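Not measured: the values here are computed from a predicted model. We number each residue from 1, following the sequence as shown.
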Amino acid sequence: MEFKSDSELIELRDRYGLSSARKGYEEYKGYALPDNFSEFQKEIEDLEVYDDDVWVTSFPKSGTTWMQELVWCVTNDLDFEAAKVDLDERFPFIEFCTFVGMDDPNDAVPYIRRSVEFLKSRPRPRFVKTHLPWELMPKQIRTFEKRPKIIHVARNPKDVCVSYYHHARFLENYSGDFNLFVQLFLRNKANYAPFFNNILSYWSRRSEPNIIFLKYEDMKKDLRSVLLLVTKFLGYELSEDQVKTLLHHLSFEVMRHNKATDHSNLAAFLKSKGLLFNPDGEFMRTGTSGSFKSEMSPAMIEYFNRWTEENLAGTGLEL
């Protein structure tokens with residue numbers, strides 16, 4: 001693969017990835033994020049955390065929504081009526097506000113525009129989603145002053161990159177092509193990158209009793225086993241009938257057509273602001289492993305494989 005220089009990649013990222021809601025990028029402790037993360041960094045750093053919180057962490061497009069819905073249903077007695085409420089409201093995305101930074105303070109979607117404030121208002125136990133690396137998590141979590149349950153989900157980086165490209169075109173106003181996005185991903189210019197630093201920051205702490213590290217591919221291969229593992233980790237039990245019912249609810253076809261989990265409310269909000277570059281896109285596209293094979297060139301796949309091997313050498317993690 002041939003790569004553009006870092007300065008060229010930054011210029012192209014800004015040309016094809018900025019909007020009225022995202023005016024620039026900066027690095028925070030070595031990770032690429034929208035520049036207005038600085039407005040919320042201290043508030044997230046100083047967040048009051050509770051031991052009964054449940055956090056789902058991941059790099060984007062790694063099965064986050066799937067795991068959120070699993071966790072919420074297990075801990076809420078499979079209340080599918082209550083689960084009709086938008087997942088972003090039931091399970092707030094703490095740094096959401098850094099991605100949708102419009103200037104109008106009166107927008108009526110608090111879990112998007114004022115996500116940190118919204119999380120603070122939630123009744124306990126709270127459910128929290130984040131893509132932040134360990135280094136940018138609240139201080140009380142990093143120091144283990146508080147030990148909320150943390151469930152991290154990781155996925156093969158080739159599938160992550162392909163899925164994130166389509167996600168960025170759909171919901172993040174990205175208008176560049178796939179080849180450019182691959183370069184941004186590999187050269188640590190995409191949101192939340194570096195990819196491996198992000199996921200390894202959780203992998204290296206997987207022995208902590210309040211942290212569990214899971215893989216998207218295992219969820220695809222044997223969701224039942226992952227469901228039972230997470231249920232036990234959270235301190236709950238499910239009957240066989242409940243397991244069967246929840247597995248159906250968590251199936252790709254059901255999730256894909258579930259208005260509470262398909263992010264259609266977010267898409268509508270962005271469309272109303274003129275920030276939906278690809279209004280025909282879908283949040284959940286294929287729900288498969290290995291779909292990168294139909295979108296990546298052999299040279300890209302070979303490069304990703306070497307890149308993965310080099311970055312995971314000696315860690316014990318396989319993706």
Side-chain angles (χ1 to χ4, degrees), residues 54-76 78-80 82-94 96 111 127-132 149-168 170-171 192 195 198-199 202-203 211-234 236 238 242-267 281-292 319:
V54 181
W55 291 62
V56 169
T57 65
S58 68
F59 196 88
K61 308 311 294 180
S62 299
T64 325
T65 299
W66 202 7
M67 181 56 69
Q68 285 177 269
E69 187 70 0
L70 184 159
V71 166
W72 192 92
C73 288
V74 166
T75 54
N76 285 274
L78 276 64
D79 188 345
F80 297 123
K84 291 179 180 178
V85 174
D86 196 290
L87 182 61
D88 287 325
E89 184 171 347
R90 291 181 279 128
F91 216 121
F93 177 20
I94 186 171
F96 215 157
Y111 56 83
F127 303 90
V128 191
K129 162 191 168 180
T130 186
H131 298 309
L132 293 174
K149 290 289 194 295
I150 297 174
I151 301 166
H152 188 84
V153 187
R155 186 182 187 187
N156 180 298
K158 295 186 290 291
D159 279 328
V160 169
C161 184
V162 169
S163 184
Y164 201 6
Y165 163 70
H166 290 286
H167 173 93
F170 178 38
L171 293 177
Y192 298 106
F195 173 80
N198 192 317
I199 63 173
Y202 290 92
W203 172 253
I211 298 175
I212 189 172
F213 191 101
L214 303 170
K215 298 179 186 178
Y216 176 89
E217 290 76 15
D218 291 334
M219 295 176 70
K220 290 298 300 181
K221 186 186 306 179
D222 188 357
L223 183 58
R224 178 190 179 88
S225 292
V226 174
L227 169 59
L228 294 176
L229 182 64
V230 173
T231 299
K232 182 178 180 180
F233 174 70
L234 293 171
Y236 288 79
L238 296 175
Q242 287 177 312
V243 169
K244 291 178 180 177
T245 299
L246 185 49
L247 287 175
H248 173 72
H249 178 75
L250 295 171
S251 67
F252 179 73
E253 284 306 312
V254 172
M255 288 278 290
R256 187 181 192 184
H257 296 100
N258 181 349
K259 293 299 182 185
T261 59
D262 69 357
H263 290 276
S264 54
N265 288 337
L266 171 60
E282 293 180 292
F283 181 77
M284 297 183 189
R285 297 183 313 108
T286 65
T288 61
S289 295
S291 62
F292 67 86
L319 289 175

Leu227 and Arg224: CA distance, side-chain angles, deciding distance, side chain to side chain contact (heavy atoms under 4.5 Å, CB included) verdict | CA-CA 5 Å; Leu227 169 59; Arg224 178 190 179 88; 5.6 Å; no
Heavy-atom check, side chain of Ile94 versus side chain of Trp55, under 4.5 Å | yes
Trp72 backbone acceptor or donor facing Thr75 side chain under 3.5 Å = yes
Kindly indicate whether the side chain of Phe252, heavy atoms from C-beta on, has any atom under 4.5 Å from the side chain of Met255.
-> no
Spacing of Tyr216 atom OH and Ser163 atom OG [to the nearest 0.5 Å] | 7.5 Å
Would a 4.5 Å heavy-atom cut-off, applied to side chains only, mark Ile151 and Leu234 as touching?
-> yes
Judged by atom type as modelled, is there a donor-acceptor pair below 3.5 Å linking the side chain of His257 to the main-chain atoms of Glu253?
-> yes
Check whether any side-chain N or O of Asp159 sits under 3.5 Å from a backbone N or O of Phe292 as a donor-acceptor pair, and report yes or no.
-> yes
For side chain to side chain contact (heavy atoms under 4.5 Å, CB included), just list the numbers for Asn258 and Leu87, CA-CA rounded to whole Å, side-chain angles, deciding distance to a tenth of an Å, and then say yes or no.
-> CA-CA 10 Å; Asn258 181 349; Leu87 182 61; over 6 Å; no
NE2 (His152) and CG (Leu214) are apart, to the nearest 0.5 Å, by 9.5 Å
Matching residue for Glu69 among Lys84, Arg90, Arg256, Lys129 - test: salt bridge (charged side-chain N to carboxylate O under 4.0 Å, His left out) | Arg90
Does any non-hydrogen side-chain atom of Thr64 lie less than 4.5 Å from one of Val153?
-> no
Can you name the closest pair of heavy atoms from Ala260 and Ala83 and give their distance?
-> CB-O, 3.3 Å
May I have the step-by-step check of side chain to side chain contact (heavy atoms under 4.5 Å, CB included) for Lys220 and Trp66, ending in yes or no?
-> CA-CA 11 Å; Lys220 290 298 300 181; Trp66 202 7; 3.6 Å; yes
Side chain of Asp222, backbone of Ser225: donor and acceptor closer than 3.5 Å?
-> yes
Measure the shortest side-chain to side-chain distance between Ile199 and Leu319 over non-hydrogen atoms and say whether it is less than 4.5 angstrom.
-> yes
Assess the side chains of His131 and Ser58: does a donor N or O sit below 3.5 Å from an acceptor N or O?
-> yes
Would you mind reporting whether Glu217 and Asn156 have side-chain heavy atoms less than 4.5 Å apart?
-> yes
Residue that, paired with Phe195, satisfies side chain to side chain contact (heavy atoms under 4.5 Å, CB included) out of Pro60, Pro157, Cys161 = Pro157
Do Met67 and Val230 have side-chain heavy atoms sitting under 4.5 Å apart?
-> yes
In Å and rounded to the nearest 0.5 Å, what is the CG to NE2 distance from Leu70 to His249?
-> 9.5 Å
Should Phe91 and Val71 be marked as a side chain to side chain contact (heavy atoms under 4.5 Å, CB included) after you check the CA-CA gap, both sets of side-chain angles, and the distance that decides it?
-> CA-CA 10 Å; Phe91 216 121; Val71 166; 4.0 Å; yes
Do Phe80 and Leu246 touch side chain to side chain, with heavy atoms closer than 4.5 Å?
-> yes
Taking the six-membered ring for Trp and the full ring for Phe, Tyr or His, determine whether the centres of Tyr202 and Phe213 are under 6.0 Å apart.
-> no
If only atom types and distance count, is the side chain of Arg155 paired as donor or acceptor with the main-chain N or O of Lys61 below 3.5 Å?
-> yes
Keeping the roles fixed (side chain from Asn198, backbone from Phe59), state whether a donor-acceptor pair exists under 3.5 Å.
-> no
